[in-house]
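This report concerns only the one structure given below.
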Amino acid sequence: MVGVVIGALPPSLCAASLCGTLLPTVRSVNTSEEPDVRASLDRPAVDETALQEQFDATIAAGHRIEPRDWMPEGYRKTLIRQIAQHAHSEIIGMQPEGDWLLAAPSLRRKAILLAKVQDEAGHGLYLYSAAETLGADRADLTDKLIEGRQKYSSIFTYPTLTYADVGVIGWLVDGAAICNQVPLCRSSFGPYARAMIRVCKEESFHQRQGYELLMTMMRGTDEQRAMVQDAVDRWWWPSLMMFGPPDTDSPNSAQSMAWGIKRHSNDELRQRFVDMTVPQAEFLGVTLPDPELSLDAATGRYRFGAIDWDELTRVISGGGPCSVERTARRRAARDDNAWVTEAATEYARKHS
Ligand SMILES: [Fe+2]
Ligand SMILES: [Fe+2]
């Protein structure tokens, strides 16, 4: 009898067998009285139940799933969708702040902003690369973004009206990103988790530069202080929406948490962000635009007012203030620079 007991192999070998490349194809040699089953054994025998059990045990033990490992199709698709959406957010997120590169108020501010925007491009690169390890095609993901078939973070459809917005994005938007992304460093998918470690270190710099810029402006003129307050008023609620819909309206969250892709619910992370940010706002000397914001003495956590979920729905459906402009710019960047991609591809082909 010929067979492969997948469950008895170490995880890496189990996984390799599924790629169909690393383990030799098993062929039968019929020496018994049994019927000839060669045709059905020309492919490696795959015991799906054993593989699923192996996957579940890896997740339960808090270990990582790597690209070579077997994984359920739903897990792979969920990861591609989440990582692509994250990558798109990094790339589209370069636009609102990039608008200020030529209008930065000093060479120092320009150098800081340039470094930050370049970091975001790097984050997009790590994330698209992580999606590629799951079999996604990067050009295809970009097409899906441009055609509106994949989304990016709602926050990046809002305009940056003054230089204070650069500071507030660093403080609130990168701050919210840190809350979201630090738990992803323990995500069950190896390439995603490892990318997040470096991303979070850089996001920490982004948040500090934003807060330092705002502190500088708050020590300046009345007009500068008013600019900071105005920016805070515009960005506070969209920052809370960055954590996604409420848990009661987030049907995929439970499965993502069971798979170890997500570690905390949207509402949990949102609360953590509010608790972290309110004391920072007090230190900065700005008012957060929520009359219901108050400390719950019993829990030590802040209560906050109702979020306009209709606005979030409108924005993520392509109806944000700058949605059309953001996508059009990304499309132009792809098309105008197609010759660079073609030249690089041809160069790589010649030297491979
Ligand atoms: Fe980033
Ligand atoms: Fe950032």
Side-chain angles (χ1 to χ4, degrees), residues 79 81-101 104 109-132 138 141-142 145 150-160 163-187 189 191-215 231-232 234-236 238-244 261-262 269-270 272-273 276-277 280 320 322 326 329-330 333:
L79 271 170
R81 194 184 67 237
Q82 179 172 331
I83 295 173
Q85 191 168 310
H86 194 162
H88 298 330
S89 303
E90 301 285 356
I91 297 300
I92 294 285
M94 295 166 72
Q95 292 188 31
E97 290 184 288
D99 285 341
W100 284 95
L101 282 171
R109 292 294 169 199
K110 187 185 291 233
I112 292 171
L113 185 57
L114 196 57
K116 187 202 185 237
V117 173
Q118 284 177 327
D119 281 354
E120 306 300 5
H123 299 174
L125 177 64
Y126 311 150
L127 288 160
Y128 283 125
S129 300
E132 282 176 324
R138 185 171 164 178
L141 297 180
T142 300
L145 164 69
Q150 278 181 344
K151 299 186 188 310
Y152 58 89
S153 175
S154 56
I155 197 77
F156 298 119
T157 69
Y158 292 88
T160 41
Y163 207 76
D165 290 38
V166 170
V168 169
I169 288 178
W171 173 39
L172 296 182
V173 176
D174 290 281
I178 291 169
C179 283
N180 255 328
Q181 291 169 186
V182 165
L184 291 176
C185 296
R186 294 186 294 114
S187 172
F189 185 57
Y192 194 28
R194 287 189 289 275
M196 281 304 106
I197 293 169
R198 179 160 178 179
V199 167
C200 284
K201 284 181 181 163
E202 292 175 349
E203 296 300 359
S204 179
F205 153 65
H206 299 171
Q207 192 194 25
R208 281 157 196 241
Q209 68 81 33
Y211 199 73
E212 189 268 341
L213 167 59
L214 297 177
M215 284 297 286
V232 170
R234 286 182 286 106
W235 289 92
W236 173 248
S239 298
L240 296 191
M241 292 175 201
M242 280 178 71
F243 296 91
I261 297 173
K262 265 180 96 153
L269 292 168
R270 192 169 5 250
R272 195 178 284 191
F273 173 70
M276 177 185 90
T277 308
Q280 294 172 357
C322 300
R326 301 281 187 252
R329 224 170 178 188
R330 183 66 193 89

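Both ligands and their constituent atoms are indexed starting at 1 by order of listing.
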Side chain to side chain contact (heavy atoms under 4.5 Å, CB included) evaluation trace for V173 with S239: CA-CA 6 Å; V173 176; S239 298; 4.2 Å; yes

Counterpart residues, salt bridge (Lys or Arg N to Asp or Glu O under 4.0 Å), relative to R194 (two or more places apart):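 Scan of R194 (salt bridge (Lys or Arg N to Asp or Glu O under 4.0 Å), adjacent residues dropped) gives E66.
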
Just checking, is any N or O donor in the side chain of R234 or Y158 under 3.5 Å from an acceptor N or O on the other one?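 No.
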
What pairs meet the salt bridge (Lys or Arg N to Asp or Glu O under 4.0 Å) rule with one or both residues in residues 109-126, with sequence neighbours excluded?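 For residues 109-126: E97-K116, R109-E212, K116-E120, K116-D174.
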
Suppose the cut-off is 2.8 Å; which protein N/O/S atoms would you list for the Fe ion (ligand 2)?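 Protein N/O/S atoms under 2.8 Å of the Fe ion (ligand 2): E120 OE2, D174 OD1, E203 OE1, H206 ND1.
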
With heavy-atom distances below 4.5 Å as the criterion, would you say the side chains of L113 and Y163 are in contact?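 L113 reaches Y163 side chain to side chain.
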
ring-ring contact (aromatic ring centres under 6.0 Å, His included) with F189: which residues, sequence neighbours excluded?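 ring-ring contact (aromatic ring centres under 6.0 Å, His included) list for F189, sorted by chain: empty.
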
